[in-house]
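Note that these values count all heavy atoms, side chains included, but never hydrogens, waters or copies made by symmetry.
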Amino acid sequence: MRYILLFLVLMMGISPGTVQAQTYLWPTDSGQYLSSTFGETRSQHFHAGLDIKTWGQEGYRVFASRSGHLYRLLVTERGYGNAIYLKHDDGSYTVYAHLQRFAPELQAIADSIRLQDYSFEMDATFDSTVATFEQGDLIGYTGSSGIGPPHLHFEVRDSLQNPVNALTTNLTVKDELSPVFSSLIAEPLNSESRINSQPISHYATPVKRPNGVYDFGTIRLHGSTGLAVNVYDRANDVYNVYAIYSLALLHKKDTLFYQELKQFSYDESGEMYIDRIAPFGSTRRGHQRLYAKEGGEHPFHLKVTDRSRISASDSTDTYTIIAADYFGNTSKAKITIKPNSSSTTSSPVDLSRPISDWYWHQDWVSPDLMNTINLKRTSAGWPWTDDQRLLFRDDTNSVPILLARVYPESSKKLTLPDRRLQLRFPRSAFFDTLSVAATYTIEDEKAHISVQPQMLAAKSEFGIAFYLGDLAKPGENYRLFRKRPSGSLSYVDSRLIGRTVWGFPSQLGEFVIQADNEAPEVSSFKIYKTDYGEWRARVRVSDEKTGINSSSARFIINGQRGIAEYDYEEEVLIYYLPDFTPSNTNTAEIYIEDPAGNATRIHFKE
């Protein structure tokens, strides 16, 4: 099947990439199966490597995939966890992450650094004289540090530290299965566009025809639309789903869009936010756009034409989407587009729905899912300041909705007329110019803040300041929390200054202010021996509101301080000290804070 992919590439005048000449060793003895592949969507980035399955177990051996020297040693609470970076003679790198522990030589190096101040986390780089390894040498053991479940995250990077798809080397897995199309989004691209007579995105699931083609049916289009698909790959003998390698949009004999997941720079990883989108009403960015977003410089795009933004013609058209994995297995999908003469309506816009339920675009919005407001026009809403406008609901007691254009090249400060809510966006807070909307309500003596459009991603942290006024009760430790779609809350870095809460979220959306006066709970002290023969101690720590500030932790046993390692997924604090051996009777002292500054100090005896 590989000839199909090659034909597409040659048809577009693109030279196929050459496979790297170096020979890599499979980096672990857990088996040659994957749980994730290169380029998959993560919460804030593209996945930079291969995730190798360890079947829910820890402790498989990890080997140097190529000869090289230790370049970097990393220990973090989240992210890569325990990780090793090797640098090779040609200047390239390999990375091994989420390790349970390092090989003894590397563990001794990490211990010597961390025991200087008993810090849990470390990030150290080294010259070529510290430690060298031959291909196949033992360097560590698989684990689940940083983020679980247990697996080995393995990367190949070029000399500029740019992640490269490791499947473009000699490394391979058994894959004879074709990609699967799951769903499609057709999104309107301007305020006059209508899809099936509505100004909102259309979500469709396919029917697989007897000839193997996935059919997404027919949409009626007025104006222009962009397509996005959710498509995944599979491999033999496992149930995991993966990112596909290449994706193309074709109209008749013309290729309108083509991409390959071959390599990217970390400077470009933010493109994930504008490349992957969610269906209306969801925040799961599983659909990949088949056109380029304005202002983007996407690392995977090899060909994008203006016609990838589809405009309705005078007759019915069929568009074809082809997905392929790296091993040449391909699948085809189609969607039919019919012209629709219906255009915008002139009825009054209903603003009664919460702004989180409006259909948002960076330049326009549909509050009632039937009509649109062009946010680029200064006539939208009522003037408040020179560059901020207000929308008023029919309810005269409600707080108005603040509208303002935010430009990447400049910072912006927004303020509602009552001065209770302020937003501060730094320069380059967003990928492109957009209109931001903000309002708040007071419910159950709590401030609920809405900053839209949630569907569009922020590029950096921004500031929210809310004056509590009479809502503030003496002694209450107020903080800002983000409301997840499920209704649960996640803590946002914030502080209380006087009666104003200052928060620094990295995403737009729904927020609530509430107090956290409860210190972390510490329980279940236990000394135990690991399955590799080393002594540890642990306690369970939990904080339902703001979580745990692991850097504040102090863990002392029998008068000897150790390194306090926090596993946030298991909610346990682990005592680590090289050569630790417990006594017949043991005493422990633990100190821990949450991010709101509430502290617990507790003693145990075993």
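- With values rounded to the nearest 0.5 angstrom, D325 atom CG is found 12.0 Å from L261 atom CG.
- In this structure, L249 and Y319 have side chains that are in contact, with non-hydrogen atoms separated by less than 4.5 Å.
- Atom NZ in K334 sits 8.0 Å away from atom OG1 in T320 (nearest 0.5 Å).
- Within a 6.0 Å radius of OH in Y33, other residues, nucleotides and ligands contribute 12 heavy atoms or fewer.
- With rounding to the nearest 0.5 angstrom, the OG1 atom of T76 is 8.5 Å from the CG atom of D123.
- With rounding to the nearest 0.5 Å, the separation of CG in D567 from CD1 in I147 is 11.0 Å.
- Between the side chains of S450 and E510, at least one donor N or O sits under 3.5 Å from an acceptor N or O.
- In summary, of the residues considered (E155, H88, R157), a side chain to side chain donor-acceptor pair (under 3.5 Å) with T94 occurs for H88 alone.
- Residue T218 is tested with I337, T336, I335 for a side chain to side chain contact (heavy atoms under 4.5 Å, CB included); the sole match is T336.
- Using the six-membered ring where Trp is involved, F38 and F264 have ring planes that are tilted, between 30° and 60° apart.
- Scanning both residues, T433 and D363, for their nearest heavy atoms gives O-OD1, 4.2 Å.
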### Task
Applying ring-ring contact (aromatic ring centres under 6.0 Å, His included), run through F511 and F481 and close with a yes or a no.
CA-CA 6 Å; F511 304 90; F481 296 82; over 10 Å; no
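- For the 3.5 Å distance criterion, the side chains of S178 and R234 fail to qualify, holding no donor opposite an acceptor.
- Note: F327 CZ to L177 CG = 11.5 Å, rounded to the nearest 0.5 Å.
- Of the N and O atoms on the side chains of R276 and H287, not one donor lies less than 3.5 Å from an acceptor on the other residue.
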I would like to know whether Y242 and Y232 meet ring-ring contact (aromatic ring centres under 6.0 Å, His included); could you show each step before the answer?
CA-CA 5 Å; Y242 314 117; Y232 61 87; 9.3 Å; no
**Asked** Could you walk me through whether Y80 and H153 pass the ring-ring contact (aromatic ring centres under 6.0 Å, His included) check?
**Response** CA-CA 8 Å; Y80 279 17; H153 175 88; 5.1 Å; yes
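- Because its NZ or CZ atom is not both nearer than 6.0 Å to the ring centre of Y291 and within 45° of the ring axis, R309 does not count as a cation-pi partner of that residue.
- Between F257 and H301, the ring planes lie perpendicular to each other; the angle is over 60°, past the 30° to 60° tilted range.
- Two residues are said to be in side-chain contact when any heavy atoms from C-beta on lie closer than 4.5 Å; F133 and S67 fail this criterion.
- Salt-bridge annotation for E570 and R538: absent, with no side-chain N of the basic residue lying under 4.0 Å from a carboxylate O of the acidic one.
- Side-chain N/O atoms of K53 and N240 include a donor and acceptor closer than 3.5 Å.
- Under the 3.5 Å distance criterion, with hydrogens and angles disregarded, no donor-acceptor pair is assigned to the side chains of E58 and Y60.
- Taking R536 as the reference, Y528, T530, Y532, E534, I574, Y576 meet the side-chain contact (heavy atoms from CB on, under 4.5 Å) condition, with sequence neighbours excluded.
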Problem - side chain to side chain contact (heavy atoms under 4.5 Å, CB included) between V238 and L34, intermediate numbers included - result: CA-CA 8 Å; V238 291; L34 302 178; over 6 Å; no
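- Side-chain contact annotation: S144 with Q100, donor-acceptor N/O pair under 3.5 Å absent.
- Around atom CZ of R353, more than 12 heavy atoms belonging to other residues, nucleotides or ligands sit under 6.0 Å away.
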- [ ] Any chance you could lay out the salt bridge (Lys or Arg N to Asp or Glu O under 4.0 Å) test for R61 and D137, step after step, and finish with the verdict?
- [x] CA-CA 10 Å; R61 293 178 296 172; D137 283 352; over 6 Å; no
R209 and D215: CA distance, side-chain angles, deciding distance, salt bridge (Lys or Arg N to Asp or Glu O under 4.0 Å) verdict
CA-CA 7 Å; R209 300 302 181 188; D215 190 348; 3.1 Å; yes
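- L167 has its side chain out of reach of T172: every pair of non-hydrogen atoms, C-beta onward, lies at least 4.5 Å apart.
- Contact detail for S366 and P199: the closest heavy-atom pair is OG-CG, 3.5 Å.
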Side chain to side chain contact (heavy atoms under 4.5 Å, CB included) evaluation trace for V572 with V541: CA-CA 5 Å; V572 295; V541 294; 6.0 Å; no
Which is it for Y85 and Y71 under the ring-ring contact (aromatic ring centres under 6.0 Å, His included) test, yes or no, and what are the steps along the way? CA-CA 5 Å; Y85 295 64; Y71 171 75; 7.0 Å; no
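- In this model, no donor atom of one side chain and acceptor atom of the other lie less than 3.5 Å apart for S246 and E260.
- Aromatic ring centres of F154 and W26: separated by at least 6.0 Å.
- Remark: the Q263 side chain and the N165 side chain contain no N/O donor-acceptor pair separated by less than 3.5 Å.
- Remark: N211 CG is packed, more than 12 non-hydrogen atoms of other residues, nucleotides or ligands lying under 6.0 Å away.
- Other residues, nucleotides and ligands contribute over 12 non-hydrogen atoms within 6.0 Å of the CD atom of Q32.
- Here the side chains of P188 and R194 are not in contact, with every heavy-atom distance at 4.5 Å or above.
- To the nearest 0.5 angstrom, Y24 atom OH is 6.5 Å from T169 atom OG1.
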